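All remarks here apply to the structure that follows.
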There are 4 protein chains.
Amino acid sequence: MDHTDVKTLFDANIDNSSLSIKQQSVLKASLILFAEKGYENTSTQDIAKLAGCAEGTVFKHFKTKDALLKAVLDPFVNDILPQVIVDFLKDLSGQPEEHFAVLLRYAVRDRIKYIMENRQEMRIFIQEIVKNPSMLEGLTSRLVLVIETSVNQVFSCYQARGELVDWDAMRIIRTISGVLLGYLIPNIVMSSKPLDVDETTNEIVEFLLQGLVPAEARDEAETR
Amino acid sequence: MDHTDVKTLFDANIDNSSLSIKQQSVLKASLILFAEKGYENTSTQDIAKLAGCAEGTVFKHFKTKDALLKAVLDPFVNDILPQVIVDFLKDLSGQPEEHFAVLLRYAVRDRIKYIMENRQEMRIFIQEIVKNPSMLEGLTSRLVLVIETSVNQVFSCYQARGELVDWDAMRIIRTISGVLLGYLIPNIVMSSKPLDVDETTNEIVEFLLQGLVPAEARDEAETR
Amino acid sequence: MDHTDVKTLFDANIDNSSLSIKQQSVLKASLILFAEKGYENTSTQDIAKLAGCAEGTVFKHFKTKDALLKAVLDPFVNDILPQVIVDFLKDLSGQPEEHFAVLLRYAVRDRIKYIMENRQEMRIFIQEIVKNPSMLEGLTSRLVLVIETSVNQVFSCYQARGELVDWDAMRIIRTISGVLLGYLIPNIVMSSKPLDVDETTNEIVEFLLQGLVPAEARDEAETR
Amino acid sequence: MDHTDVKTLFDANIDNSSLSIKQQSVLKASLILFAEKGYENTSTQDIAKLAGCAEGTVFKHFKTKDALLKAVLDPFVNDILPQVIVDFLKDLSGQPEEHFAVLLRYAVRDRIKYIMENRQEMRIFIQEIVKNPSMLEGLTSRLVLVIETSVNQVFSCYQARGELVDWDAMRIIRTISGVLLGYLIPNIVMSSKPLDVDETTNEIVEFLLQGLVPAEARDEAETR
DNA sequence: AATGAATGAGGGTTCATTCAT
DNA sequence: CATGAATGAACCCTCATTCAT
């Protein structure tokens, strides 16, 4: 059930690119300021000041302020976020001999941890989606495809064993992610204390299991 | 269980104020554009153009672009949203002879309907919260107060009858609103088709009941 | 030596014109605000507010903000100020049997009193002159004419009696008004306490006499 | 009696600051236009046009139009003007073996020359004082301090020698500056020909001596 | 006559972006 | 590569002025 822990977005950026130190600090400054004040309320002068460089330097590598936003979000949106979700599904389907409940707990915990580690990117991502929902279209359609082609059969395995409610895969995924988002978004958005991972996992999983696992299987799991 | 249906925010605005027709159209245009493009990406010139008036007119009544945002959101934040929650609680506490499940369904349905009727305000509200979470502080602290003082006893009544899981009131509320938000926010934000109220209510309530109502009571309710 | 005391400008305006009460209060408000904040920093809205009328009313009688300024200043510049100066010269030339020193004291005192009574108009006048000196041209050329034609002979009378220094009339007038302005302008401009008339008169006259009255005549006057 | 001639304000600005050429021309243009049309009647676009740069450039160094005014006036108000007055007093106290009359002539001449060299700054300064007299408060209080602490004894030396009228120092200073202002302000404000320095000095000094120097000492000086 | 909503030109200011150094 | 002065379009807002009521 092991898979490489997803690195935080920023480190990923640093590794993958051949940016100079100055450019890296520009990227880091953008991340911080976009998350804190929003894209439109962050001036390139602000970025330069926080990055400790001249305004011109901001534009040397990233031709445009918008390109800077893309540089911050694109790996998140195009690479990391999908990967996270794919991993999530892999978690859920990985070890058929395990109970669904166990897998769910693992997968949920992993996702919460990941999201908490990338709260800033998430904040920016949410801000942008709220303003421009079409950003999501590409992402969701890809996910729908993945879910419909590959998850169906995985879930039906658990459903056959009576460990998973007899809904279609999309509704199950929608429910899980809905509850997850309902818990996490308020926390991400209100930048207060960053949520205790274990506690939240417990609360969410406990609740999800009520709705997703038929009573008999649940009893069995609990007496285990 | 009847109580006056909350009017949509915008109509409420129109009714309550003595704004001229032009000023009303300014407000309406702001609502549309803020929801569509976001506050910072909407210029006062855009608003004037859509409202069919001169730019100066925008500022005649609303001294500031920011005041315009407040004029759009304030009733939502200060009056209507809390009222919604109070109504919600009134629903839950009003008819003790009813099963919790019935009340929950009614309350959830009402709230979904209300939010769907004010999707634009919601969009703007969400955008602003994401950018400036401190906006929420006043609101949440007020709500916490209401919940802690008045909801506890209401819930304990149902809990005594075995119709409600034995959590503290805050966790129950958090769960309900979490699931609600998890369903609604994605829909509001992605301005696609506006969610079928009945269908969504069913799906949410069905799921919530699994987690909130002990199995025995649930069985009883279903055989009714 | 008596002549009707010059009324304050504002009362003069009221008397001479057939303005409605509202229009009079517009004029009064303009006077106050122009003097206090300057012409350009006073908006017609400010004027309307202080006058207790609608913005449109300000323009009903005075077609233009500039016309309002003219309405405030014109009587001062065209009628009253010249009249004051003519009176001043009349004072100086009125009673040949009197000593020049006595006349000077009376004339100076009268002018100080008048200017103190019209400090607001003076403030506005000074502000406008400073910005647009060409305003003065018409005024000064008229005064030069008056002085050269009528004052010369008056002064030469005193000069013949040895009571007045043997300068040409222009220089004498220039000196008197220079010293007067040097004392009064700073006080008018710095709106502090409005200068004690008697004390200031004494100080100015005493000093002027040193320079304008030959020593012998001065001694004689003092032993009187 | 020599002391370094005070440079004109503008050159001083150029020397002391590390402004780019464009910024210097912005400052120069502001000086010209503020003096010519007044602060409020000068738009930043006017300044840019005269300075030969874009409007944004005006704000690159001087964050605000008001800051531009301060940049023009501050050295005048805070450094140069006080220095001029201190120098003036130094002149008067510098050479006790000289007659007061000689010193006065030198000092007056120097001040007239200086003010004529900075007519534009003076015009702006006067305009601002007229609109906002509180600007002067700091300046005058500082000057009063200097005069009261250091000038008294200087003057009393001349007074002991019978070369200076027996007034308190403040009144003497007030008289001198009053007469100076009475002569100079009208000329500065009416931007006509810039006053012949020697002629004006003669006229002012001659007149001042009448009032400030007792007759005996005066006779002596004249027969010298 | 008086009103005040409406106007639109113009104001100061910000900002992403460019380019000579 | 990095700089930061320069740019000018666009922004929010003010204001004198008009006009239907």
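What you are looking at is a predicted structure, and each value in this text was computed from that prediction instead of being measured. Lettering follows sequence order; numbering is per chain, from 1.
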Please give me the minimum heavy-atom distance between [X] and [Y], naming the atom from each residue.
X	Y	answer
Ala51(D)	Ser25(D)	O-OG, 3.3 Å
Asn41(A)	Lys131(B)	ND2-CD, 4.0 Å
Lys70(D)	Pro75(D)	O-CD, 4.0 Å
Val130(B)	Gln127(A)	CG1-CG, 2.7 Å
Phe59(A)	Lys65(A)	CE2-N, 3.9 Å
Glu128(B)	Leu73(B)	CG-CD1, 3.9 Å

Please report the distance, rounded to the nearest Å, between [atom1] in [X] and [atom2] in [N].
X	N	atom1	atom2	value
Tyr39(C)	dC15(F)	OH	P	13 Å
Ile47(A)	dG4(F)	CD1	C1'	16 Å
Lys63(C)	dA1(E)	NZ	C1'	11 Å
Leu69(C)	dT17(F)	CG	C1'	17 Å
Glu40(C)	dG12(E)	CD	P	12 Å
His61(C)	dA16(F)	NE2	P	19 Å
Gln24(A)	dC1(F)	CD	P	12 Å
Leu33(C)	dA16(F)	CG	C1'	16 Å

Which nucleotide in the list dT14(E), dC15(E), dC13(F) gets nearest to the side chain of Phe59(D)?
-> dT14(E)
The single option from Leu68(D), Leu69(D), Ile47(D), Val72(D) that satisfies side chain to side chain contact (heavy atoms under 4.5 Å, CB included) with Phe62(D) is Leu68(D)
Identify all pairs in which a protein N or O lies below 3.5 Å from an N or O of nucleotides 2-5 of chain E, and state each distance.
| residue | atom | partner | partner atom | Å |
| --- | --- | --- | --- | --- |
| dA2(E) | OP1 | Ser20(C) | OG | 3.2 |
| dA2(E) | OP2 | Gln23(C) | NE2 | 3.2 |
| dT3(E) | OP1 | Lys22(C) | NZ | 3.4 |
| dT3(E) | OP2 | Ala54(C) | N | 3.3 |
| dT3(E) | OP2 | Thr57(C) | OG1 | 2.4 |
| dG4(E) | N7 | Gly56(C) | N | 3.1 |

Side-chain N or O of Thr44(A) less than 4.0 angstrom from OP1 or OP2 on dC15(E)?
-> no
N or O in side chain of Gln45(D) less than 4.0 angstrom from dG11(E) OP1/OP2 = yes
Secondary structure of DNA chain F per the Watson-Crick/G-U criterion (both distances under 3.5 Å; [ ] crossing, | other strand, . unpaired) is .||||||||||||||||||||
Interatomic distance, Gln24(B) atom CD to His61(B) atom NE2 [nearest 0.5 angstrom] = 10.0 Å
Answer yes or no: are there more than 12 heavy-atom neighbours, outside Lys37(C) itself, under 6.0 Å from its atom NZ?
-> yes
